[in-house]
Every structure is written in structure tokens, then in C-alpha cells.
There are 2 protein chains.
Amino acid sequence: METLSVALGERSYPIFIGTDLLSQAHLYNPHIHGKQVCIVTNETIAPIYLERLKSNLSASHISSVILADGEAHKNLTTLNEIFTTLLSEKHNRTTTLIALGGGVVGDMTGFAAACYQRGVNFIQIPTTLLSMVDSSVGGKTGVNHALGKNMIGAFYQPQAVIADISLLKTLPPREISAGLAEVIKYGLISDAEFFVWLEQNIELLIQGNEAALTYAVLRSCQNKADIVAQDEHEGGIRAILNLGHTFGHAIETAQGYGNWLHGEAVAAGMVMATDLSMRRGDISSEELKRIVDLLERANLPTKAPADMTPEQFVDLMGVDKKVLDGRLRLVLLESLGRAIVTSDIDTKLLMETFAACR
Amino acid sequence: METLSVALGERSYPIFIGTDLLSQAHLYNPHIHGKQVCIVTNETIAPIYLERLKSNLSASHISSVILADGEAHKNLTTLNEIFTTLLSEKHNRTTTLIALGGGVVGDMTGFAAACYQRGVNFIQIPTTLLSMVDSSVGGKTGVNHALGKNMIGAFYQPQAVIADISLLKTLPPREISAGLAEVIKYGLISDAEFFVWLEQNIELLIQGNEAALTYAVLRSCQNKADIVAQDEHEGGIRAILNLGHTFGHAIETAQGYGNWLHGEAVAAGMVMATDLSMRRGDISSEELKRIVDLLERANLPTKAPADMTPEQFVDLMGVDKKVLDGRLRLVLLESLGRAIVTSDIDTKLLMETFAACR
């Protein structure tokens with residue numbers, strides 16, 4: 001097992017990464033300070049892992065909430081279900097919430113913990129590769145509003161994150177690939193050496209090799225933890241974590257949420273960001289090809305949908321207006337392994353990228 | 001005008017107290033850091049003060065939300081109305097929310113500010129005496145759940161509090177009295193000298209004398225700010241601010257919310273806490289009489305409703321169970337001007353207090 005720490009002063013916490021961690025009570029029980037625990041999970045995960053987790057907890061009062069699965073349920077109404085269980089089962093300020101699930105469960109559980117009686121403790125047990133390397137680290141919690149994703153939330157750090165690689169055995173291959181998009185992202189934005197490692201080991205990851213997955217999750221979390229420790233509330237550098245996300249968001253919106261997985265849209269978006277970086281002269285065509293090749297080997301899309309026109313991107317990203325008043329900020333690559341955030345965007349080059357990447 | 005500071009390190013903020021402050025743009029404009037403002041108020045306050053406030057703001061993009069008036073609307077559904085306005089009118093992370101209203105508006109606006117895009121700035125402009133001396137200072141924000149009051153929320157501090165005493169002219173006398181219950185509380189828990197001042201000036205306060213009200217609000221906020229600065233998240237001493245609240249909460253529940261105002265229930269509750277303190281030998285019968293007299297002069301109830309039996313208090317406060325397992329914690333007076341929090345409660349004396357105070 002590997003342990004790393006997210007260095008946030010009094011809000012610091014450990015991330016445990018390894019196999020068969022769910023059965024290792026000594027990992028999570030020290031982070032539960034009262035007698036009460038409430039496990040929040042979803043209808044997909046509950047039948048597989050809920051009882052196993054429960055049987056390992058030493059808390060005397062254990063409740064659970066089983067939410068409907070999917071991004072569509074990440075809203076205030078579902079959040080209120082968590083509060084209703086906590087109140088009807090008399091959880092007090094010493095209770096600990098445990099998120100057992102992917103990003104949606106983790107974001108909602110963390111936000112419920114931030115708000116319940118003005119703040120109780122919580123632990124993240126991510127069950128997808130994407131949530132292990134992305135949402136479970138860094139303290140962004142929240143829900144969607146009908147008018148915007150992740151618009152209601154809090155920065156709220158867990159007591160611990162337990163990334164049990166063994167849980168990935170039950171994850172569909174398409175979701176492993178979607179998680180790998182964010183893993184590859186760390187190579188692009190801050191860790192060129194890791195990018196090379198990924199070029200050498202991508203097939204092992206796709207095949208579910210546990211040693212390779214453990215290393216990839218560890219290295220990803222290290223990169224994210226370093227960035228978050230520098231900028232907890234995203235005032236500056238933390239924004240580089242959004243490489244590919246502005247383009248990806250346009251794709252997700254155009255295709256309807258759920259048709260493309262988030263990681264898939266980010267993969268195509270990262271290619272677009274790299275393509276634009278190449279047109280600015282910061283990335284070589286050879287480097288672009290290496291990135292595209294790696295994403296393809298991870299079974300990820302590397303182009304926007306063929307039916308998405310440049311005009312549609314302009315529309316969905318609000319480019320016209322935003323470029324004019326300087327508000328369009330994009331994460332681009334200064335070199336392979338180093339990202340920048342810039343609002344100095346040449347509209348002509350951007351239009352070329354839109355045309356080239358589909 | 002008086003200015004005092006709530007000393008909370010980087011979360012410190014000023015409280016301005018005086019007359020005709022609403023028209024003094026130099027007080028609030030420096031605390032608005034972007035171009036966007038959203039004023040949250042209610043249907044009672046909006047017709048009187050909303051336009052006046054708007055006309056003084058220098059922000060270029062001003063929205064407003066007018067909520068239904070009353071505690072019954074302090075819930076997630078109403079909170080979502082604020083988010084809907086913010087999103088549909090394109091407020092970004094630089095927006096500032098302004099709470100223009102009493103405690104309900106302040107608690108909801110503060111919580112909306114805590115959650116919108118994971119946290120934006122807000123300013124409190126309390127319009128009731130109760131909210132000036134109580135909820136607008138200290139950063140407790142939140143909403144009710146069907147199963148419990150204030151169960152969902154955040155500790156979140158405003159950028160500034162503007163207590164404009166002139167706004168109290170339009171407040172009904174019964175609400176002035178309810179606010180005075182919390183003012184008198186500060187005399188009891190932490191400021192014996194202020195208690196004497198209140199004995200000498202209570203009629204001026206009831207009559208709406210602005211100089212007297214300014215002093216009473218200033219001294220109350222000073223007391224609260226000192227206590228909050230010692231214990232922002234209510235781990236210890238901050239609990240003394242709840243003098244009379246456990247008894248009062250039982251009265252509010254028994255009578256149905258809204259029949260007794262919160263301040264009225266707290267007034268009767270403070271007499272009960274003092275009565276129990278007297279039975280423990282910490283307060284003299286003469287001091288109890290002085291407290292009862294002062295509350296009566298403020299037109300506040302000093303007894304629980306005649307139809308509330310000791311059994312009902314036992315039931316609503318969960319006394320039996322709580323005393324047995326030591327969880328009943330009450331704020332009592334050690335002397336006039338000094339409160340303690342104790343779970344060392346003699347059930348026999350408590351039953352005597354229930355019987356005596358109705």
C-alpha cells in the first residue's frame with residue numbers, strides 16, 4: 001500500500017492507495033471520531049460493496065443511503081435525501097459520512113458533510129478510476145443546478161481518501177478508459193516523465209494490472225495534491241487541472257450529457273487544446289501525435305464528433321463575445337508536461353483548431 | 001456612527017452601527033469587489049427599502065430576489081430560488097450578495113453565498129433588532145429541514161454588517177421587544193455593567209430612542225463578537241449564547257412555531273434558566289427578580305405558557321433520557337453577568353423550575 005498526504009495545514013489528510021483496502025478496518029476506523037457513521041452509495045455499488053464495508057466498521061450506529069445512479073440525480077433534491085436519513089436516524093455533529101461510489105456520490109456526500117449541522121467529517125472511498133484520480137482529491141464538493149453543473153457547493157476536505165484498486169475489477173472497460181483520460185492529463189500538464197511511463201505501460205492499465213493501476217493512481221494523486229496544496233480555492237494555478245475541459249464541456253453539451261462520458265469529452269478536448277498549442281508554436285506536431293496515439297491506445301476519442309461544426313463550438317463556448325472582452329481563458333500546453341492558463345487567444349488559430357479536430 | 005470589528009484573522013470584518021446608513025454608499029461599496037450584486041430580501045421589506053438600497057449601489061449589474069416572509073420558507077426550496085436568479089442573470093464568482101432583511105433572510109443569503117460557485121462574498125443589512133444583535137454577527141448561516149431547525153448550513157462570515165438603526169422605525173413594537181430579549185441576554189451571560197445600563201434605559205429602547213438603540217446594538221455586538229472570536233465554530237464557550245434557548249425551544253415547539261416569537265420564548269427560557277441557577281445556589285432571589293422585572297418592562301413574557309406542564313417540558317427536552325446518559329447540557333448563570341455550560345443537572349431542581357415558571 002502507498003500513502004500520500006494532501007498538505008493543507010490543519011486540513012491535511014492521507015490518501016491510501018493499494019489493493020484489498022476495503023477490508024482493512026485499521027485504515028478508516030482511526031478517521032471516524034464518534035460512534036455514528038452514515039454510508040452514502042448508489043444502487044449500482046450497494047449490492048456489490050455496501051455490506052462488506054459495513055461489516056468492517058467499528059462504529060456502533062451505522063446508517064446507509066442508497067441514491068439513484070448518475071449525474072442526473074446530482075441535485076439539491078437528492079442531497080436532501082441524505083439529510084433526511086441523517087436526521088431521522090438521529091445523527092449528531094460527531095457523525096462521519098462515508099462516500100462509497102464514483103464522482104457523483106463523492107461530490108454529494110462531501111457537500112452533505114459540509115452542510116450537515118454546519119459541518120461533519122467525511123471519508124472518500126472512490127469506486128471508479130476517474131474519481132480516484134480526480135474528484136476524491138482536492139475538496140471540491142457540490143451538486144448541479146438545472147441551469148449549470150457544479151454551481152452549488154463547497155470546498156470541503158475529507159478526513160481520508162481510500163483508493164482500493166481492487167474495486168476497479170467490477171468497473172466496465174469504457175469507464176477505465178474514461179478515468180485514464182484524467183491520468184494522461186497529469187502527464188500533459190505537470191509530469192512529462194509520467195507521460196513517458198504511460199506510453200510504456202498503457203496496455204497494462206487497460207488490462208487492469210493492479211500494480212500498474214496502483215502506480216498510475218499514486219502518481220496522478222501526487223500531481224493533483226501538489227497543485228491543490230498550492231491553490232486550494234482555485235485562485236490561480238489549480239485551473240490547469242481543467243486542461244481539455246472547456247472544449248470537452250462544449251462536446252458534452254452538444255451531445256447531451258451521458259452520451260459521451262466526461263473522460264471521453266476531456267480526451268477529445270485535450271487534443272484540441274494541444275492542437276491549438278501547436279498552432280501557437282509551443283508544441284511540435286510530433287508531440288501532438290504522441291498524445292493522440294496514447295489516447296487512442298487508451299481507447300479514447302481524439303476528435304470532436306464529426307457533426308460538430310466550428311460555429312457550434314463558437315456558440316457553446318461563447319467564443320465571439322468572450323474573445324472580444326478577453327474573458328475566454330483556456331488551459332494550453334507550453335510544452336509537453338507544462339500547462340499555462342491564458343486569455344491571450346488568437347481567434348483565427350482557434351477557428352483552425354475547431355476545423356481540424358473533428 | 002460606531003464601527004467595531006469581529007476579529008477572525010483573515011475572515012475579520014467590520015460592523016457599522018448608526019442612523020441613516022442605508023444611504024451612505026461609502027460604507028458598502030468598498031466591500032463589493034466585482035461589478036455584480038444580488039440583493040436578497042422579502043416581500044415585507046422590499047416595498048420599503050429595496051429601491052433605496054439599489055439607488056445607492058455603484059455596481060453596474062444589480063439583481064434582486066424577493067422571498068416570501070417567514071421562518072416557514074427558510075428551506076432548500078427557497079434557497080434554490082436564489083440560485084436560480086443568480087444563474088439566470090449570469091452572476092459569476094465575483095458577485096456580492098446583500099441580505100436585506102431579518103434573521104431568515106440573513107441566514108439564507110449567507111448560506112447561498114457560502115454555496116454559490118463554492119463561495120462568493122456577502123454583506124448583511126439586518127432590518128430587525130433581533131438580527132442586528134444576533135444572527136447577523138458570527139457567521140452562522142443555513143436553512144431548516146422538515147425534521148429540524150438550522151440543520152443544514154455553514155459557518156460563513158460576511159464582508160461587512162451594516163446595522164442601520166433608522167430601519168427599526170418601521171419595525172412593529174412586539175418585534176422590538178423580541179429583539180430586546182437577546183440584548184438583555186448579553187447582560188446576563190457576559191456583561192453585568194450593561195445589565196445595569198439596561199435597567200436604567202429600557203424605556204428609551206422601547207420608545208425607539210435612536211441613541212439608546214445604537215448603544216444597545218453596539219454593546220450587544222461587542223459582546224457577541226468577543227465570544228465568537230474566541231470560538232468561531234462553537235466548540236466551547238460560544239454555547240453560552242444559547243442561554244434560555246433550550247427551554248425556549250420547548251416552548252416554541254409546544255405552541256407551534258410563529259405563535260410565540262423566538263425572542264419571547266427566549267425571554268421565558270432565560271427566566272427558567274435563572275430560576276434553576278437560583279435553586280443551585282448561584283443566583284439570589286433578588287437577582288432573579290431584577291431579571292424578571294427588566295424583561296417585563298421590555299414587554300416580554302417571563303413564564304412559560306400556563307398550559308405547559310412539567311411533563312411536557314420533560315418530553316420536549318428529552319430530559320429523562322438525556323439526564324440519565326449525561327447529554328442534557330444547559331446554559332446557566334454562575335452569577336449575574338457570567339454564564340456556564342453544564343451537564344451536571346439535578347433533575348429534582350429542574351422539575352421544580354418547570355413547576356415554578358408557568
Side-chain angles (χ1 to χ4, degrees), chain A residues 9-10 33-35 75-95 107 110-120 138-157 232-235 238-239 318 321-322 325 327 329, chain B residues 9-10 33-35 75-95 107 110-120 138-157 232-235 238-239 318 321-322 325 327 329:
Chain A
E10 60 180 17
H33 301 303
K35 294 171 185 170
N75 54 38
L76 284 178
T77 306
T78 309
L79 190 75
N80 204 38
E81 288 180 32
I82 303 174
F83 297 134
T84 300
T85 298
L86 289 169
L87 286 165
S88 60
E89 302 191 7
K90 302 199 184 303
H91 286 257
N92 59 38
R93 282 171 70 178
T94 69
T95 195
D107 285 4
F111 188 40
C115 299
Y116 186 62
Q117 302 207 16
R118 299 198 184 88
V120 299
K140 280 193 179 179
T141 72
V143 296
N144 301 330
H145 183 281
L147 299 175
K149 280 187 74 174
N150 293 321
M151 283 293 145
I152 308 167
F155 286 100
Y156 198 70
Q157 305 294 344
E232 185 177 6
H233 293 157
E234 197 166 318
R238 185 167 176 163
K321 214 169 113 268
K322 285 186 182 171
D325 66 9
R327 283 189 305 125
R329 287 161 58 84
Chain B
E10 61 181 17
H33 301 303
K35 294 171 187 172
N75 54 39
L76 283 178
T77 306
T78 309
L79 189 75
N80 204 39
E81 288 179 30
I82 303 174
F83 297 134
T84 301
T85 298
L86 289 168
L87 285 165
S88 59
E89 303 192 7
K90 302 199 185 302
H91 286 257
N92 60 37
R93 282 170 69 177
T94 70
T95 195
D107 285 3
F111 189 41
C115 299
Y116 186 63
Q117 302 207 17
R118 301 199 184 89
V120 298
K140 279 193 179 180
T141 70
V143 297
N144 300 331
H145 183 282
L147 298 175
K149 281 186 74 173
N150 292 321
M151 283 293 143
I152 307 166
F155 286 99
Y156 198 70
Q157 305 294 343
E232 185 177 6
H233 294 157
E234 197 165 319
R238 185 168 175 162
K321 216 169 112 264
K322 284 186 182 170
D325 67 7
R327 284 188 304 124
R329 287 161 59 84

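Nothing here was measured: the structure is a model prediction, and the numbers come from that model. Letters go in sequence order (proteins before strands), and every chain restarts at 1.
- Atom CG of residue B:Leu76 and atom CG of residue A:Leu79 lie 7.0 Å apart, to the nearest 0.5 angstrom.
- For A:Phe111, the part lying near chain B is the side chain, with the backbone staying farther off; criterion is any non-hydrogen pair under 4.5 Å.
- Interatomic distance, OH of B:Tyr116 versus CE of A:Met151, reported as 6.0 Å (0.5 Å rounding).
- With values rounded to the nearest 0.5 angstrom, A:Leu147 atom CG is found 9.0 Å from B:Asn80 atom CG.
- Interface remark: B:Thr141 contributes backbone atoms only to the contact with chain A (heavy atom separation under 4.5 Å).
- Of the listed residues A:His145, A:His233, A:Gln117, A:Glu234, the one with more heavy-atom pairs under 4.5 angstrom with chain B than any other is A:His145.
- Both the backbone and the side chain of A:Thr84 come within less than 4.5 Å of a heavy atom in chain B.
- Between the A:Arg118 side chain and the B:Ile152 main chain, no donor and acceptor come within less than 3.5 Å of each other.
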